Number of protein chains: 2
Amino acid sequence: MKQLSLFVKIVPFCLQENQLFVLLNNNELLKDTITQQIPLDEIAQQIFTTKTKLIYAHAYLEQLYTHMEDDGISVVYFLLLPDQPTSLPKDFSWNQVKNLSVNKTDSSILDYALQRLQWKIEYTNVVYSLLPETFTLSELQDVYATILGEQLDKRNFRKKILSLNFLKATGKKRKGISRPAELFTFKKREPTIIKVFS
Amino acid sequence: MKQLSLFVKIVPFCLQENQLFVLLNNNELLKDTITQQIPLDEIAQQIFTTKTKLIYAHAYLEQLYTHMEDDGISVVYFLLLPDQPTSLPKDFSWNQVKNLSVNKTDSSILDYALQRLQWKIEYTNVVYSLLPETFTLSELQDVYATILGEQLDKRNFRKKILSLNFLKATGKKRKGISRPAELFTFKKREPTIIKVFS
DNA sequence: CCAAAAGTGTTGGGGTTACACCCATGT
DNA sequence: ACATGGGTGTAACCCCAACACTTTTGG
């Protein structure tokens, strides 16, 4: 029989204006063949960097699952990025996850990736990868609300997040149209298991 | 470069006398190459059945993760079985998970598989795959205690389990050395998400 | 002074934990 | 009658959810 091909497929997520976006290549998930015998995480990072020419310091990469597709086996990863870079190679575009029309395989991968992301932010600190260096508690709350797709109570959110003790107040303020907000950073930008919600 | 090989590796768990066992082949995890273009779950099932000649009605199979090994890429599964069959093909043996000496790769796979199993029984009903058709609540409690590696309070365990409403009393009793115990079955032997422990 | 978003406490209910004795059977 | 494991209830506590007003700034 014909030799099976082996791919890594990547679901790159980011947030912009309280909407979840995914990076697509020609309206499909980013995908490339595996050719080197190095850890799969490294292969996934290489493929992303090579194809998109984008470099991030604190992106979060996680393997989702592996499955048989029409043209071979794909090891699927999702990737969390802190912002939408302005310049992208040809054929790449950020797409709002809601109302997305992609092929059936990629669509079910996206559904699952979103579910895993929802689970993940509820018991780890990996949201750090979706946020800039400093941010306000309201911004952080918006990130959670966007990903979970539900409203969150401001007071309860603050109590919970601060009690988990993985944020650090900077003492600086974000000025805006209204009362300035305290700016926070993450104590550590490394994946840590921490029960965020019940 | 040389074409990478593709494997499925399986971690078959079962319980016997309140101890967790794993099935090994020549002191290594069961492993075989992927040759057909069918869903990976089916490949894993086929490999298990072909190699061990064992057939189960309600085994639970779940993909763990995929990683690069020395001789190629392995897609790793764990499998939950209801008992230790008496006759096994040559070179297969059940080994107690505690105090196991296997190679480093398999050892870390086993650690992770156990952790996933611990998580899994806390929010799903998949323990059904480790139990016979009928069982007492004490037996079920022993299964949880064994996998989680901790004692559980009898009254609280019963309240919790019964409130989840996935068991059905049969009305029959298990006779033994002492007072007969009510026998239960699972309403459904299909994976269902249900928060079992906090 | 008005608009806008930041920031802050309390209370009630639900769920979890801790805990000890009686019951049904076999020997 | 005794040994063995089966079976049962309650009280304290903690955590979570619900909820509204004051504060600080810019315009």
Side-chain angles (χ1 to χ4, degrees), chain A residues 15 17-19 118-119 121-124 131-132 134-146 148-185 193-198, chain B residues 15-19 118-119 121-125 131-132 134-146 148-185 193-198:
Chain A
L15 286 167
E17 288 161 16
N18 297 335
Q19 294 294 335
Q118 288 173 340
W119 289 341
I121 62 167
E122 294 197 1
Y123 66 94
T124 72
L131 285 154
T134 62
F135 50 88
T136 67
L137 290 182
S138 295
E139 287 165 354
L140 182 60
Q141 180 179 339
D142 286 343
V143 169
Y144 273 95
T146 301
L148 298 176
E150 59 183 287
Q151 295 281 107
L152 298 172
D153 179 85
K154 200 204 294 193
R155 280 174 287 193
N156 292 337
F157 180 81
R158 285 165 187 241
K159 264 179 293 183
K160 174 66 77 47
I161 286 291
L162 293 176
S163 76
L164 293 172
N165 215 34
F166 62 76
L167 296 184
K168 192 169 51 182
T170 61
K172 297 181 182 171
K173 305 275 182 183
R174 151 106 13 115
K175 297 202 174 175
I177 188 170
S178 71
R179 174 173 175 178
E182 177 79 33
L183 285 166
F184 288 81
T185 64
I193 289 182
I194 288 168
K195 199 107 181 118
V196 179
F197 291 105
S198 57
Chain B
L15 287 166
Q16 195 84 15
E17 288 162 17
N18 297 334
Q19 293 295 336
Q118 288 173 340
W119 290 341
I121 63 167
E122 294 197 0
Y123 66 97
T124 72
N125 65 345
L131 285 154
T134 62
F135 50 88
T136 67
L137 289 182
S138 295
E139 287 165 354
L140 182 60
Q141 180 178 340
D142 286 343
V143 170
Y144 274 95
T146 301
L148 298 176
E150 59 183 287
Q151 296 279 107
L152 299 172
D153 179 85
K154 200 203 293 192
R155 280 175 288 193
N156 293 336
F157 179 82
R158 286 166 188 239
K159 264 179 293 183
K160 173 68 76 47
I161 286 292
L162 294 176
S163 74
L164 293 172
N165 214 34
F166 63 74
L167 296 184
K168 192 169 50 180
T170 61
K172 297 180 182 174
K173 304 275 182 182
R174 152 105 15 114
K175 298 201 174 174
I177 190 172
S178 71
R179 174 174 175 177
E182 177 79 33
L183 286 167
F184 288 81
T185 64
I193 290 182
I194 288 168
K195 198 108 182 117
V196 179
F197 289 105
S198 56

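Lettering follows sequence order; numbering is per chain, from 1. These numbers were taken from a predicted model, which means no experiment stands behind them.
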Using a cut-off of less than 4.0 Å, is there contact between a side-chain N or O of B:S138 and OP1 or OP2 of D:dG5?
no
Spell out, as yes or no, whether a donor-acceptor pair under 3.5 Å connects the side chain of B:E182 to the backbone of B:A169.
no
To the nearest Å, give me how far apart CZ (B:R179) and C1' (D:dA3) are.
15 Å
Rounded to whole angstrom units, what separation is found between the NZ atom of A:K160 and the P atom of D:dA17?
6 Å
Nearest whole Å is fine: how far is D:dA18 P from A:L152 CG?
11 Å
Rounded to whole Å, the CD-P distance (B:E122 to C:dT16) equals 12 Å
Would a 4.5 Å heavy-atom cut-off, applied to side chains only, mark A:N165 and A:I194 as touching?
no
Distance-only donor-acceptor test (3.5 Å): side chain A:K175, base D:dG26:
no
Nearest-angstrom distance from the residue atom CG of B:N156 to P of D:dT8
14 Å
Whether over 12 other heavy atoms sit under 6.0 Å from A:E17 CD
no
Quick one: is C:dT8 close enough that its OP1 or OP2 comes under 4.0 Å of any side-chain N or O from A:R158?
no
Whether A:S178 contacts C:dA6 is assessed here as follows: a side-chain N or O lying under 4.0 Å from the phosphate OP1 or OP2. Is that the case?
no
Pairwise 5' ranking along DNA chain D for B:K159 and B:L137, keeping only the more 5' one:
B:L137
Can you check the B:I177 CD1 to D:dT4 P distance for me, whole Å?
7 Å
Is any side-chain heavy atom of A:L167 less than 4.5 Å from a side-chain heavy atom of A:F135?
yes
What's the CZ-C1' distance between B:R174 and D:dT4, to the nearest Å?
16 Å
Does the base of D:dA20 carry an N or O that pairs as donor and acceptor with the side chain of A:R155 under 3.5 Å?
yes
Does some side-chain heavy atom of A:L148 sit less than 4.5 Å from a side-chain heavy atom of A:E122?
yes
Atom CZ of B:F157 and atom C1' of D:dG7 are separated, to the nearest Å, by 14 Å
